[in-house]
Student: 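After the structure tokens below, expect a handful of questions from me.
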Amino acid sequence: MLAADAAFDGQFITGVVSTGIYCLPSCRARKPKAENVLFYATPAQARVAGLRACLRCKPDGFQRGVDAGEAEFVVTLAKIVPSECANVVSLARHFQVSTSTLHELFRTCLQITPADWLTSRRIAAAGERLLTTRQSVAEIAYEVGFESLSVFGTQFRRRQGLTPQAFRQMPARQGFTLRLPQGYRADAILRDLGRDLHGLNARTQERQHLTAWRVPSGPLLVALTFEDGGVQVRPDAAFPLDVADWLSLHHMTLRVLGLTHDPARFEALVAAQPDLAPLLQRGRGLRLPLVADLFDGLIWAVLGQQVTFSFAGQMRRRLIQRCGTEVGGGLVAPPTPTAVTALGAEGLRKIGLTRTRAALLLDLAGRIVDGSLNLESLRTGLAPAALRALLDIPGIGPWTANYLLVRVLGFQDGLPVGDSALATALQQYFSLPDRPGPKQTAALMARFAPYRSLATFYFWQSLSNQGVHHESTRPLSDLPQPA
């Protein structure tokens with residue numbers, strides 16, 4: 001400890017009773033007097049003793065695998081004002097790194113490019129201003145950091161599916177019509193939306209999808225009608241929608257339609273590799289749809305443990321019946337975390353959940369209610385941090401955490417290693433004698449980085465075309481074991 005030897009980091013923790021903090025052996029802060037030092041095996045033991053983590057050496061982060069580069073990235077990112085960064089070169093100056101290093105940092109931490117991050121932040125800021133101010137479109141465009149009104153219009157339409165003017169008119173028109181990108185696979189999205197044929201919160205008929213969602217003000221009925229080159233979105237609520245509701249409704253629509261990320265870079269990566277290019281023959285234009293509601297996505301993940309898709313759907317319908325909210329049209333909005341905690345373990349057992357699944361779902365709902373688990377913060381934060389936060393929860397293993405990163409949180413490079421459907425699809429595609437294990441799966445999928453989430457969905461879809469659903473593929477090792 002006195003030598004600040006990093007070789008001993010992770011082997012013990014230094015507790016300083018005079019200051020009330022605990023540190024890594026390698027901490028470069030001024031060394032305490034020997035009589036003020038107590039040693040602990042882990043940070044958890046130091047916390048039980050009433051000590052808090054050192055802000056300089058960050059021992060908790062080290063224990064969870066947080067390196068100094070990631071910690072510094074978080075601090076710097078929080079200080080960035082997107083409107084003040086003209087381009088990626090300017091952004092790199094803020095981080096004091098080269099542009100190539102910046103790209104690697106963003107790929108590792110956020111799984112997007114620096115340019116995509118800058119543009120998405122500017123577009124989000126512009127959308128909020130369009131609904132909350134009377135500023136002209138031009139004023140907003142320049143204020144959020146765009147140097148050209150035409151570039152702003154093009155980027156806004158590409159990312160939001162609407163012109164800035166149409167976005168502003170959503171409340172007055174009581175709806176909006178998203179323009180779909182060229183080559184969009186509406187057939188695949190409709191098939192995914194209608195995969196639960198008996199669902200209580202959604203119903204798909206021909207080119208229309210009726211669904212029950214929750215916006216900040218409450219539950220509502222939403223009709224998504226697919227037209228030539230677009231999707232008409234019409235909400236039906238028992239309350240007037242405010243700005244937060246319209247922003248939420250628009251974002252949820254982008255999520256379920258797979259419009260949060262452009263697949264062009266993935267397709268270029270695959271097309272450049274001869275043995276992978278055939279994957280695009282039936283899939284080009286395919287996008288990864290996300291679960292609209294983050295907590296509902298968590299419910300799907302828990303209920304799908306080692307059961308068939310139809311049985312998971314049945315359990316979810318029972319849960320929605322017990323504590324969902326009717327919105328009309330025969331549909332019911334999924335339950336809130338508060339409603340699930342009110343139902344309790346016994347109530348969850350009565351609808352057919354095993355003791356372990358009921359305990360896990362109740363624990364997750366309770367964490368969300370008390371604020372110790374914030375799904376929205378995980379979605380908008382760093383991918384490694386989201387993965388660690390999920391893995392810290394008893395009952396959530398690597399498969400579950402990565403599945404949530406892919407299907408719910410929307411990160412682009414998640415990989416649910418151990419997923420049996422993915423392994424089956426890889427075996428078929430590469431003509432392997434046996435289904436690949438976790439290591440071989442990771443090796444095969446490494447070629448799709450940094451777009452392994454969409455690659456995973458491609459392989460899942462190859463089985464869906466054969467009538468096989470991927471949601472029932474969790475490995476048993478992810479389940480919490482009964483006491």
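Throughout, numbering of the chain's residues begins at 1 and tracks the sequence. Quick note: numbers below take in every heavy atom, side chains included, and nothing from hydrogens, waters or symmetry partners.
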Student: Sequence neighbours left out, what passes salt bridge (Lys or Arg N to Asp or Glu O under 4.0 Å) with Asp413? Give chain and number order.
Tutor: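 Arg452.
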Student: Please name all residues satisfying salt bridge (Lys or Arg N to Asp or Glu O under 4.0 Å) with Arg107, sequence neighbours left out, ordered by chain then number.
Tutor: none
Student: Which distance, rounded to the nearest 0.5 Å, do you find between the CD1 of Ile396 and the CG of Leu391?
Tutor: 8.0 Å
Student: Under a 4.5 Å cut-off applied to non-hydrogen side-chain atoms, are Pro114 and His103 in contact?
Tutor: yes
Student: Are the side chains of Val270 and Tyr451 in contact, using a 4.5 Å heavy-atom criterion?
Tutor: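 They are not in side-chain contact.
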Student: Hey, does the side chain of Arg318 reach the backbone of Ile351 with a donor-acceptor pair shorter than 3.5 angstrom?
Tutor: yes
Student: Main chain of Ala44, side chain of Tyr22: is a donor-acceptor contact present, judged purely on distance under 3.5 Å?
Tutor: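 Not at all, since once roles are kept as given, no pair shorter than 3.5 Å links the two residues.
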Student: Are Thr338 and Thr336 linked by a side-chain donor-acceptor pair shorter than 3.5 Å?
Tutor: no
Student: Which of these passes side chain to side chain contact (heavy atoms under 4.5 Å, CB included) with Arg367: Asn374, Thr341, Ile393?
Tutor: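 Answer after filtering Asn374, Thr341, Ile393: Ile393.
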Student: So, the side chain of Gln45 versus the backbone of Ala41: is there a donor-acceptor pair under 3.5 Å, distance only?
Tutor: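 Yes, because the side chain of Gln45 sits within donor-acceptor range (under 3.5 Å) of the backbone of Ala41.
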Student: List for me each residue that meets salt bridge (Lys or Arg N to Asp or Glu O under 4.0 Å) alongside Arg121, sequence neighbours excluded, and say none if there are none.
Tutor: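 Partners of Arg121 under the salt bridge (Lys or Arg N to Asp or Glu O under 4.0 Å) test: none.
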Student: In Å, rounded to the nearest 0.5 Å, how long is the span from CZ of Arg214 to OG of Ser248?
Tutor: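 The distance works out to 12.0 Å.
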Student: Quick check against the 3.5 Å criterion: does Arg287 have a side-chain atom that pairs as donor or acceptor with the backbone of Leu257?
Tutor: no
Student: Would you call Arg379 and Glu376 a salt bridge, using N to O less than 4.0 angstrom?
Tutor: yes
Student: Test your reading of the model: is there a side-chain donor-acceptor pair from Arg349 to the backbone of Leu353, 3.5 Å cut-off?
Tutor: yes
Student: Of all residues at least two apart in sequence or in a different chain, which pass the ring pair (Phe, Tyr, Trp, His ring centres under 6.0 Å) check with Trp246?
Tutor: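 With neighbours one apart ignored, the set is empty.
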Student: Taking atom CD as the centre, does Glu143 end up with more than 12 heavy-atom neighbours from other residues, nucleotides or ligands that are less than 6.0 angstrom away?
Tutor: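 Atom CD in Glu143 is crowded, with more than 12 foreign heavy atoms closer than 6.0 Å.
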Student: How far does CG of Leu348 sit from CD of Glu346, to the nearest 0.5 angstrom?
Tutor: 9.5 Å
Student: Would you name the heavy atoms of Pro32 and Met1 that are closest together and state the gap between them?
Tutor: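 Here Pro32 and Met1 meet closest at CD-SD, 4.4 Å.
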Student: Measuring only between side-chain heavy atoms, which start at C-beta, is Val340 closer than 4.5 Å to Phe295?
Tutor: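 Contact flag for Val340/Phe295 side chains = yes.
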Student: Between Arg407 (side chain only) and Val291 (backbone N and O only), is there a donor and an acceptor less than 3.5 Å apart?
Tutor: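 Side chain of Arg407 to backbone of Val291: no pair is present.
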Student: Just checking, is any N or O donor in the side chain of Gln273 or Arg447 under 3.5 Å from an acceptor N or O on the other one?
Tutor: yes
Student: Considering only residues two or more places apart or on different chains, which pairs with a residue in residues 242-270 satisfy salt bridge (Lys or Arg N to Asp or Glu O under 4.0 Å)?
Tutor: Asp116-Arg265, Arg158-Asp262, Glu267-Arg284
Student: Within a strict 4.5 Å, meaning less than it, do heavy atoms of the Leu343 and Lys350 side chains meet?
Tutor: no
Student: Measuring only between side-chain heavy atoms, which start at C-beta, is Ile368 closer than 4.5 Å to Leu298?
Tutor: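 Counting from C-beta outward, Ile368 and Leu298 do come under 4.5 Å.
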Student: Do you see a donor-acceptor pair shorter than 3.5 Å between the side chains of Thr424 and Arg435?
Tutor: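 There is such a pair (donor and acceptor under 3.5 Å, judged by atom type) between the side chains of Thr424 and Arg435.
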Student: Are any non-hydrogen side-chain atoms of Arg316 and Asp296 less than 4.5 angstrom apart?
Tutor: yes
Student: Any side-chain heavy atom of Phe266 sitting closer than 4.5 Å to one from His261?
Tutor: no
Student: Suppose we screen for ring pair (Phe, Tyr, Trp, His ring centres under 6.0 Å). Which residues come up paired with Phe448, at least two apart in sequence or across chains?
Tutor: Phe459
Student: With side chains defined as the heavy atoms from C-beta onward, is the minimum distance between Cys109 and Leu77 less than 4.5 Å?
Tutor: no
Student: Are the aromatic ring centres of Phe73 and Phe106 under 6.0 angstrom apart?
Tutor: yes
Student: Distance-only, no hydrogens or angles: does the Ser453 side chain make a donor-acceptor pair with backbone N or O of Gly414 under 3.5 Å?
Tutor: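 Side chain of Ser453 to backbone of Gly414, a donor-acceptor pair under 3.5 Å: yes, one is there.
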Student: Looking only at the aromatic ring of each residue, does the gap between the centers of Phe167 and Phe156 stay below 6.0 angstrom?
Tutor: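 Under 6.0 Å, so yes.
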Student: Looking at Glu35, I want to see if its CD is surrounded by more than 12 non-hydrogen atoms of other residues, nucleotides or ligands under 6.0 Å.
Tutor: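 Correct, the count exceeds 12.
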Student: Could you check whether Asp419 and Trp399, counting side-chain N and O atoms only, form a donor-acceptor pair closer than 3.5 Å?
Tutor: yes
